[in-house]
Each structure stands twice: as C-alpha cells, then as structure tokens.
Amino acid sequence: MKALAKCRGKRGRIARAFRLGGWGWVLFLICGAPAAAPRQARQPSRPVVVSPRLAAGIAEFRQFHFRRAAAAFRAVELAHPGKTGALLWLAKCRINLGQLAMAQNDLETFLARKPRSDDALSLLGFVDFRRHHPHRSLAAYARAASIQPPLGDDYKIMGLDYIALRDWKHARRELARAVRLEPQNLQAQYYLAWMQYIANQFTPASRRLQRLARAEPRNLNVLTLLGLTLEAQSHFRRAAAIFLKAIALEPGLQARNAQPYIGYGILLERTGHPRQAGRQLRAALRIKPASFRALAHLGHIDLMLNRLPPAERELTAALRLNPRYRPAYYQLAQVYRREGKITQERLALQELAKLPLHNVPQ
Amino acid sequence: MPMKRREFLRWAGAAATASVLASAPAGAEPPAPAWFEERTAAAGITFRHRASPNPLKYLISTMGSGVALFDYDRDGRLDIFLANGAHILQPQPPGTLPRKLGPAWWNRLYHQDARGHFEDVTEAAGLAGAGYSTGVAAGDFDNDGYPDLYVCGYGGNHLYHNDGHGHFTDVTAAAGVAGGGWCTSAAWFDYDRDGRLDLIVCRYMEWDFQHPRCGPDKPGHRSYCHPNLFPPASLLLYHNEGGGRFREVAAEAGLTKKGKSLGVAIADYDLDGWPDVYITNDTWPEFLFHNRKNGTFEEVALLSGCALDGDGRTFAGMGVDFADYDNDGRPDIVIGDLGHQMYPLYHNDGAAGFSYQTYSSGLGAISARHAGWGLRWMDYDNDGRKDLLVTQADVLDTIHLIHPDLHYRQTMLLARNLGQGRFADVSARAGFRQRWAGRGLAIGDIDNDGRLDAVVTTNNGPAHLLMNRTPTRHHWLRLRLEGRRSNREAIGARVKLTTADGPQYAEVTTGGSYQSSSDPRLHFGLGRQALARELEIEWPSGVKQRLANLRADRQLDLIEPEGAAASQTAAPAQSDGDA
C-alpha cells in the first residue's frame, strides 16, 4: 500500500491514452512494478578529507541502516563542511528514507560546490523523477550525461520521465538503451515490455515478459502484463493460463493485488463467458473496492446479461472514480436506453462526446 | 498444511472458470458437416484481379474489388460479374486517373451454361469497363425484368443497362449517376416505395494519388496510409425519377453526414415497412439511417447502439450484412473489421435498439485475429439457422512487420450458428485452409441444388468459385419474387416462413457484403421439415400475400398479386428448380 501511495501522484499524469480502452492499467502497472531504486553503481566523489566517521556511515549505508548512516554523514558534514562527500551520501540516505525534499536541498547544495558532479546530477534527476518533475529530471540527467555517459538505471529513469510526459517514442528509446546497457536490469526490461504493450508491439512485449516470468516466476505484475499481452494477441487460452497462475499466487502475497482477477475477468468477458467473468471481477472488487475498471466491466457484464439496475449502479460508480472512462459512458447510455430513461441516455452520450474518440487499434 | 475453506473456494472458482475457457464453444468445432469445393478453374473462370500495387503504396491498390451474382439473361442460372482495377502509374500524375490498358484490366462477365460451366462474355456484353473499378451492385432499375449493373470506381462510376439480349449499354451520362471521388460499395433499394429502385453509393474518403509516405522509414516497410490522414466523404443517394433518369438527393434526404464508408446494407430494422440503411465506416462511427417515410432519413446509430463497439470505440468497419440471424423477426447487423478488433455483431432488440453481442456470441473470440471484408449470413447446411461466411485478409501486406501474429493472407471464415446466439468456427472443417487476400463476397445458389454457394474476390489475385457440397438431408425452399406494383425484383420484400420448427425471416436484397452484390432469391433451410406450413410476404408496395402448405426442396417463382391482400392455400402460380 505504501508503494501504491508513493506512485499515486505520478499515475495521474501517466494515465491517459491506453490501447484497449484507457490508461487505467498504467496505474497498477507502474505502481505494482518494483519501485525504482536510487542509483548505486557509481562510486561517490572522492572525499577531500578522510574521516573514520564517514567510513562508518558508509558501512551503515551498505547495511541499509539509513537513519544511522544519515546521522553519521550529517555529523561529518557539520564537522568538515564541503570537504567530504558526506552531503552526497546524506542525500542518498534521504532518498532511501523517502525524504525527497531534503535530499533535493542536499544535492543542490552539493552541486553549488561541485557543479560537475555527474553523480549528484543523476541523483538530482532521480529525486526530480520521484517528485513528479519529469522535465527537471530530464534536464538534470542531460547535464550529468554531458559529463559522464549514463548508466542503465539512468536511462531507465529517463524512460519513466518520458512516460510521465506521454512521450512514448523517447520513452521507448531510453528504456531500450537501459536494457542494452544492462540486460539484467529487470525493472528496465519490465518497463520496456510495458511500453511495447501500449504501443501495440505485442509480440516483442510478450517475448520479453516470458523471459522476465522465467526470471521472476512469482512476480504478479510481470505475469499480469504477460496475460494482457497474450490476450491482446488473441491468444486467449495462453492468457487465461497466465492469469490463473497469477491468481494462484496472489493469495500468498502480503499486499493483496486485484489485477490478475481483473485481467482474467475481462478476458472471460471478451471471450463470451459473462457469468464467470462477473465472478472474477467481484473477487477483484473484494480486494480493491475502488477499482473503476472492475466496476465498469462488471457493469458491462450486467448490461450484457440485461441486469439493468446493477449495471447502472456499477457503471455510475466507475464513472465517479474515473470520470474520463469513455466505455462506461457508452455502456451507461445503453443501460438508460433500455430502462427508458431517454434524458439520462442523451446526457451520458453528451459526456461521451466530450471525450476524444478512440479507435480500436489493430 | 490443511487447505483453508476460503482458499479452497477460491481455487475451486478459478478451476471452474479455467475449464470454462478450455471447453469454450467459441473456436471449438461441433460435429457438423460443412464442405465447400473450389471449382474456379474447372468451371472456366480465369479472372484475375489487377490491383496495380507499386512501391508508392497507393491505398486503392489494397482495397480490392467486388463481385455480382445475378441472372442477367433470365435463364434461371446465376452468372458472375467481376470488377477489376486499372493500371496505376508510378507515380500517378496529379489530375490523371488510372486506365484499363488492355484485357488484363477489364471487368469480366461470365455466363453460366446448363452444365455449370462459365463462359467469358465480357466483350459481347460490352462490360469491359473503364477506369479503376471497385464495387458492383446489380438491380433492375427500369423494371424490364433484366437486372442492370452499377459499377463503382475511383474517379467515376458506370451504370450499364441490360437490354435483355446479352448486351449492356453504358447509360451513366443519361442517367446522371457518374458520381465522383472514390466509390466503394453501392446498393439498390426503393426507399420511397414508388416501385422504382433507387441507388445509394458509398464513398470512402477524400483521397487522391498525392498522399504522403506512410509507415516506417525503412526499406520494405512503406505501408498503406491510415484513413485518419484523409478527410471523410459524403454519400450519394440517387432517386430514380423514371425514364432512365436519376437525381442526386443525398442532402435533401438527410444523408448529410460525412463518413469513410466501405459497406452498405439495407433492411427494415424497425419493421415499419420502410427500408432503412446501415453504412459501415472505416475508423469512424457507423451510420444507421432510419427511413422517415417521407423521402428523408434520420441518422440514429449512436442512439440505437450500433455506431460504436461495446466499449464505445470506432473500428475499421468494412463489409456488412443486415439480416435476422436468430429468427426473432428483426434484422441484426454483422460487420467485418480488422485484426484484434473483433467483428461487431449487433443484435436487434426491437424498441431497446441494438446490443453489442460480439463477446457473448463467441464471434469475438473467433474473429479476434482476423480481418473481415465481404460477409453474408447464409444457412450453409439448411438447418434453419443463418450462419456467417466471411472473406478475410489484412489490409496491409506488411502487417507481419508490425504484428508478427497477424497475416496478410487469411483463410475464409465459416461461423456456424449454434442457436441461442452462439457461433462456432467450422472453417477448417468446411475446407477453408488456403490463405487468400480475400475482399469481395457474393452468395447464391449457383448450381440450384438447394445449397448456397459463394464467389470470392481476392486483392490482386484470382476469384474463387466455392461450391457448397455440404452433405445434408435438410430441406430447403428458394423463392424468386417478382414485383408488379413493387419494383420488379421485389427488393425490400419481407418474408416470414413458418415450419413446424418455427418461423424464419428474410428480406429481398442484393446489397450487403463488401463491394458486392448477391443473388436476390431468398433461400430458406428447413431442417428436417419437408413442408413449410405458411409463407407470408409483405411486398414493398404494401401488398400482403399468404401461402400455406408448401412442399420443400424447390424454387417457387412468385409474382406479386393484385389487390391489397392476397391469400393462397394451394401451390403458387409456378414452380421450378426442383432438386
């Protein structure tokens, strides 16, 4: 849940155009994917003053004792202002502690002293990314790249910045670079697969995800995205098998995850099994009652089954959660028409007309 | 560790749904016979479509051509007309049109003789044509008993009058139906019920040969441009004024909406006695023009639930058919579109409008990886339920470079109607294993054996004559209606046929499918019933006719009776074509 809360802000910007009916999936895919970790491959700038306290702080940091490490770095910095790399280490601790504003201050102070520290610039780019400032993040990475070639993780974050800016072309480019530089970077692989999925490049996406699923067979997000990708290629049985595998794993997770149920529910809906689809979507709603997608598809299923009052209720609830979800307006209009509520039907269609027309991609 | 009860329930639920998908009727083949035999070469048909594809990827060269199945000489046997392309220059200079440089580019008329052999009679018939031909619509516009031909094309259309002696005369100029732009499909219908056939013409887009380069900038990756790059075009509606003259009335009839139309089908969807029009558009909302009975139409597709797919999205609407597949008396709509879009199936729910049944019918799962062009409802095994035959292929010959899981050439689809609104794919069982770049499709009983056959066109390839050899003991009845007060071909007549198994419904039309024109005779499969208890005909003039106790397995030739209503309990005036 903490991870979900962290990415909530970014989702809003990312969530827009998505193939098969909206960008809602983006939310879970980005949120559910492993959180982007701060860069760590590069060594910190060489300290001018060698301090035993600094070495102790680094040792704490490497054992993930970030609070203790931060205290040590703070002390070193106070004792030798600007003479060591402690401020940079402190920023790293703060990033790991989620103190992003403070980390940014530290980095800006550090960069005022050492404007050509590519390490600090890259970290600043990462902080800007985490603080939902993709333009600033990209600018910082660009400055860092002018000093030192970026690492795979840097490209990954730049790719995510471009996703936030809905610049799919550049996002794909940066993620592809990340994967080329670091083929073992599973996060970069995942995000690249996701970009390929939303760009309708289903075949390379599913190949990549199959490799990822072999490397991380219990990663629910990888499995769910693989299921979606297979479904998009109309490999319904294979998609169903993957969703079922994810559903089998899901109860064992610490944090419940509704997405495999939603994915499988939609698959069943599209392949002509509305009642079974309804069961999966209701399971998803028990885990995540505010899933507009599960509600909308449940509403559609009830419309298909001519159960109009629940359909109206579910579609209305879905639209309360996501007023820009086009399919729900269309389906709600059909519910109203069947109920003889002509005025409401027209209103729903008017709302539909306000949203950009989506073509089903081939 | 013992399994907890809740966990067990969840697992049980998942296993149950898994088994549902594994045993899904969609895609599964039921034990039903189906067999179509390719007889093209054996029957003497040598036609080959010339699309003139070139590296500049002019869109028109992937859109294919149509076919008409019609009995132009009234010998009781269906003949075949095939539209053909023309030579496209590389590049085609501004202001010029492709030309038919020689016989390879001619349209072709094949006459069927008594042995089922087809003879090319194009030259004698005067139907070689001009320009880049696309669609075709057959209809007897002057009520002389001989069906005429309207041939669509790019840059101008042609109306050919059938003189009844094997020759057609180009009467385009006198009739005033040349049109312009890029015409795709057309259909004859009598929208004002004055007894004369009118003509509706689809135009695809405002397109010319000066379009940009499309597709990735890599060798071999240039592709045909997406329709989004071009503005929509208007429809044409020609009112038959009599005396061989037509007047273009689209605007005054309310057909003012511009679209990107590729297909047209006609049916009286609200059963008010007046023909309505459904138009498919490519990446544009579909149109349903409701006939207001006063010479005008109102576009009601969105309010009727048949403008968009089930999620409110547009799709690449291509071929279309508008007929009652579930025998509830109301015509339904099925459309061909591109891969991953699933063929839209709109069930006519009466006053509640149309409902999107693609998913629940199983047609979605069947069609998800295909692209459908020409398509028609047809009861291939005479079991009393209309099945669906579809020509399939992608629009892009480079589709595999974009989606390796899709193919340009695809097999035909035969979707068997299982009843209760469900369909199953029986294509392989029907012998459809070869992949073609399918486009046009016309349906009719070519050998008059009581089984519906088909002719298929392919883009830049041969036509295919598919003879239905499905082994079946099911009975059938074929009707050829001839109007008197109504238009001569009785286009728009509605028929209800009732057997001990229940009623079936059909309307006379030559339209539907994609750029093609089908046999106007009505075909009913009667299943195990050798007797039709009752036949009710509502002629376009409003005359109602009722016949009872009709023996099966033959063709009935019925002439519109005089008077407001007629009832016969004995055999009709004449019958022939017994199997």
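Lettering follows sequence order; numbering is per chain, from 1.
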Original post:
Are the side chain of Arg337(A) and the backbone of Ala352(B) linked by a donor-acceptor contact shorter than 3.5 Å?
Top reply: yes
Original post:
Looking only at atom types and distance, does a side-chain atom of His340(B) sit under 3.5 Å from a main-chain N or O of Gln233(A), one as donor and one as acceptor?
Top reply: no
Original post:
Does any heavy atom of chain B fall under 4.5 Å from the side chain of Arg346(A), the backbone, both, or neither of them?
Top reply: side chain
**OP:** Give, as side chain, backbone, both or neither, the part of Gln334(A) having an atom under 4.5 angstrom from any heavy atom of chain B.
**Re:** side chain
**OP:** Please flag which part of Asp349(B) lies under 4.5 Å from any non-hydrogen atom of chain A: side chain, backbone, both or neither.
**Re:** side chain
Subject >> Heavy-atom contact with chain A under 4.5 Å, split by part of Ser304(B) >> reply: backbone
When rounded to the nearest 0.5 angstrom, what is the spacing between [atom1] in [X] and [atom2] in [Y]?
X	Y	atom1	atom2	answer
Leu308(B)	Leu352(A)	CG	CG	6.5 Å
Ser360(B)	Arg270(A)	OG	CZ	13.5 Å
Ser355(B)	Asn306(A)	OG	CG	8.5 Å
Leu349(A)	Leu302(B)	CG	CG	4.5 Å
Ile366(B)	Ser234(A)	CD1	OG	12.5 Å

Original post:
Do Thr203(A) and His403(B) come close enough that some side-chain heavy atom pair is under 4.5 Å?
Top reply: no
Original post:
Counting heavy-atom pairs under 4.5 Å to chain A, which of Gly310(B), Pro285(B), Gly353(B) comes out on top?
Top reply: Gly310(B)
Original post:
Is the shortest side-chain N to carboxylate O distance from Asp311(B) to Arg326(A) below 4.0 Å?
Top reply: no
Subject >> Mutual orientation of the aromatic rings belonging to Tyr359(B) and His300(A) [parallel < 30°, tilted 30-60°, perpendicular > 60°] >> reply: perpendicular
Original post:
Which atom names give the shortest non-hydrogen contact between Leu303(B) and Glu345(A), and what distance separates them?
Top reply: O-OE2, 3.3 Å
Subject >> Minimum-distance pair of heavy atoms, taken over all atoms of Phe236(A) and Ala368(B) >> reply: CZ-CB, 3.7 Å
